[in-house]
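Since the structure is predicted, the reported quantities are computational estimates derived from the model, not experimental observations. Ligands are counted one by one from 1 in listed order, and the atoms in each one are counted from 1 as well.
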Amino acid sequence: MSKNPLSRRQFIHLGTGAIAATTVAKTILQPRILNASPRPVAPSDTVRFASIGTGIRGCEHLQASLSVPGVQCVGVCDLYDSRHTAAREAVNNPSVFATRDYRAILDRKDVDSVLIATMDHNHRRIFEDACAAGKDVYCEKPMSHTPEDGFAMVEAAHKNSRMVAVGSQRVSSVLYAKAKEIYDSGKLGEVFSINAYWDRNSPSGAWVYPIPPDASEKTIDWTSFLGSAPKHAFDPVRFFRWRCFTDYGEGLGGDLFVHLLSGIQFITSINEPALRAQSSGGLFHFKDGREFPDLIETLYDYPSCRVTLRCNLNNNGGEFIGFYGTKGTMIIKDSTLTYKPEDTRPEPEGYSVYGWPKSLRDQYLQQWHADHPEPAALKWSSDAEGESYANPPGYSDTVDHQANFYNAVRTRKPVVENEVFGNHAAIGCHLANFSYFNKSVAVWDASAKKIVKG
Ligand SMILES: NC(=O)c1ccc[n+]([C@@H]2O[C@H](COP(=O)([O-])OP(=O)(O)OC[C@H]3O[C@@H](n4cnc5c(N)ncnc54)[C@H](O)[C@@H]3O)[C@@H](O)[C@H]2O)c1
């Protein structure tokens, strides 16, 4: 035994590592856009939509909509006049209807659905009014600004029988579909530990966005921006860097945790809030008057597993989710996915018998080999090498996410990331922030639909 200190399992591990580094080819996944619609979209099936909020994300959506079959933008709405121009440019339609008043959009009979891409604190009111006006709703993530908002939005969608999609687009990505397939296949065994992070290291990543030179009380409807938030004098920093302020956003929880949690919910089919969460973090670098930390780490207890999340604005670690199972490990890193099996076939004890005399060791090994005459066959064909996948070049999961939503609008079959799913993911970000700001464990009281101190 001492001549060959590597066990078979350790040997196979080294072998797979070497193979993985040299020969495991990445499978480039196929885009799925055409599958999203069961058939070519007839002109009579065209979904007419309007975007309420045409800032960064609204314009990204408008541009992406040009690649989605069977949809037409018939209106845009924003509180800042220059964003009307930006929106018209994004849809290549200089005469599309534009307004500051979202009710003028909801009043239009030719609008089937609305895309809500406003600051988070304004999602609820527009969402409720849109549902009451009979519009289907794609609402950007995080769905809610508070748990109370989220449940009111779920109720509004149900009461008015609306189709809703919430905007964590990874849920519709081909990469995440492959990850879910691997997870559901059982190849990972039981997964009790999930670890994810999303780290960025730049002023833009930390939302230090430039203020446009024409920003003023004349070009921006400040009162409507505030909505139900506390009164505040005009301040373009608050308008353009709203993610930094608790009145309008949820910091890293609402910006990035919610994407990670939505991905985890989708892949594992968990569709409930965590039981409790505990956060740590701090504001270390971006001390520019913001209210949220630039580093947050949160431990979540779900009934079936534990999840740890981190967002750090002081290192460019990128986007990562790891699923650590009893039979294998699956890693999503940016636009690639890898699965590595663990060799769980029985093998003789190779460590503790070092403390045995040779005769006992030999006796034990003889007996073990008599009990295990042949090593069991590897269960999965991929067990020798693992698997690796990547998004196709130029792939947009936003296009697929929109396509899934518009398909739901046509078929009335709900999308995966509907209002209930979106509400649960958003509660995850509220739990993280509650724990951070209260310096205590945050407990989800499901019957009261509230977060309480643990
Ligand atoms: N899914 C993603 O990857 C992703 C990426 C970025 C942002 N988002 C989400 O999209 C939303 C918008 O983010 P953003 O980066 O575009 O912010 P932004 O500040 O660039 O744009 C928000 C726009 O909403 C408008 N607005 C606010 N209240 C309004 C109202 N009552 N009526 C009409 N317009 C209103 C503002 O005028 C502003 O132009 C947020 O919920 C954010 O979390 C999602």
Applying a 4.0 Å heavy-atom criterion (strictly less than), which segment of [X] is in contact with ligand 1: side chain, backbone, both, or neither?
{"X": "Arg83", "result": "side chain"}
{"X": "Ile126", "result": "side chain"}
{"X": "Ile56", "result": "both"}

Pick whichever of [options] has a heavy atom sitting closest to [atom].
{"atom": "atom 11 (C) of ligand 1", "options": "Thr118, Asp101, Thr54, Asp129", "answer": "Thr118"}
{"atom": "atom 13 (O) of ligand 1", "options": "Trp242, Phe239, Tyr248", "answer": "Trp242"}
{"atom": "atom 43 (O) of ligand 1", "options": "Arg100, His259, Lys141", "answer": "Lys141"}

> Are Trp198 and Arg310 side-chain neighbours, meaning at least one heavy-atom pair lies under 4.5 Å?
Replying inline: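 Side chain of Trp198 against side chain of Arg310, heavy atoms only: no contact under 4.5 Å found.
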>> Is any side-chain heavy atom of Val191 closer than 4.5 Å to one of Tyr324?
In response: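 Side-chain contact under 4.5 Å: no.
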Exam field: side chain [X] to backbone [Y], donor-acceptor pair closer than 3.5 Å:
{"X": "His123", "Y": "Met143", "value": "yes"}
{"X": "Thr336", "Y": "Lys333", "value": "yes"}
{"X": "Thr219", "Y": "Ser216", "value": "yes"}

>> Before you tell me yes or no, could you show the steps for Phe240 and Tyr209 under ring-ring contact (aromatic ring centres under 6.0 Å, His included), namely the whole-Å CA-CA distance, both residues' side-chain angles and the distance that decides it to 0.1 Å?
In response: CA-CA 7 Å; Phe240 290 98; Tyr209 299 148; 9.1 Å; no
> Quick one: are the ring centres of Phe437 and Phe292 less than 6.0 Å apart?
Replying inline: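 Ring centres of Phe292 and Phe437 closer than 6.0 Å.
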Atom indices of ligand 1 within 4.0 angstrom of [X] heavy atoms, with elements:
{"X": "Asp120", "answer": "40 (C), 41 (O), 42 (C), 43 (O)"}
{"X": "Pro142", "answer": "43 (O)"}
{"X": "His123", "answer": "41 (O)"}
{"X": "Cys77", "answer": "33 (C)"}
{"X": "Gln169", "answer": "1 (N), 2 (C), 3 (O)"}
{"X": "Leu79", "answer": "26 (N), 27 (C), 28 (N), 29 (C), 30 (C), 32 (N), 33 (C), 34 (N), 35 (C), 37 (O)"}

> Under a heavy-atom criterion of less than 4.0 Å, does Arg243 contact ligand 1?
Replying inline: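 Per 4.0 Å heavy-atom rule, Arg243 contacts ligand 1.
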> Judged by non-hydrogen atoms, does Phe240 sit under 4.0 Å from ligand 1?
Replying inline: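 False for this residue.
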> So which protein heavy atom does atom 28 (N) of ligand 1 come closest to, and at what separation?
Replying inline: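 Protein heavy atom at minimum distance: Asn122 ND2, 3.0 Å.
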> Can you tell me the protein heavy atom closest to atom 22 (C) of ligand 1 and the distance?
Replying inline: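 The closest one turns out to be Ala117 O, 3.5 Å.
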> Going by distance only, is there an N or O of Asp78 that falls short of 3.5 Å from an N or O of ligand 1?
Replying inline: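 Yes: some nitrogen or oxygen of Asp78 is under 3.5 Å from one in ligand 1.
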>> Can you tell me how the ring of Trp222 sits relative to the ring of Phe239, calling it parallel under 30°, perpendicular over 60° and tilted otherwise?
In response: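 Ring orientation, 0 to 90° scale: tilted.
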>> Per the side chain to side chain donor-acceptor pair (under 3.5 Å) rule, what does the pair list look like for residues 226-237, sequence neighbours excluded?
In response: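 Residue pairs with at least one partner in residues 226-237: His232-Arg238.
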> Which residues pass the ring pair (Phe, Tyr, Trp, His ring centres under 6.0 Å) test with Phe49, sequence neighbours left out?
Replying inline: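 Applying ring pair (Phe, Tyr, Trp, His ring centres under 6.0 Å) to Phe49 gives Tyr406.
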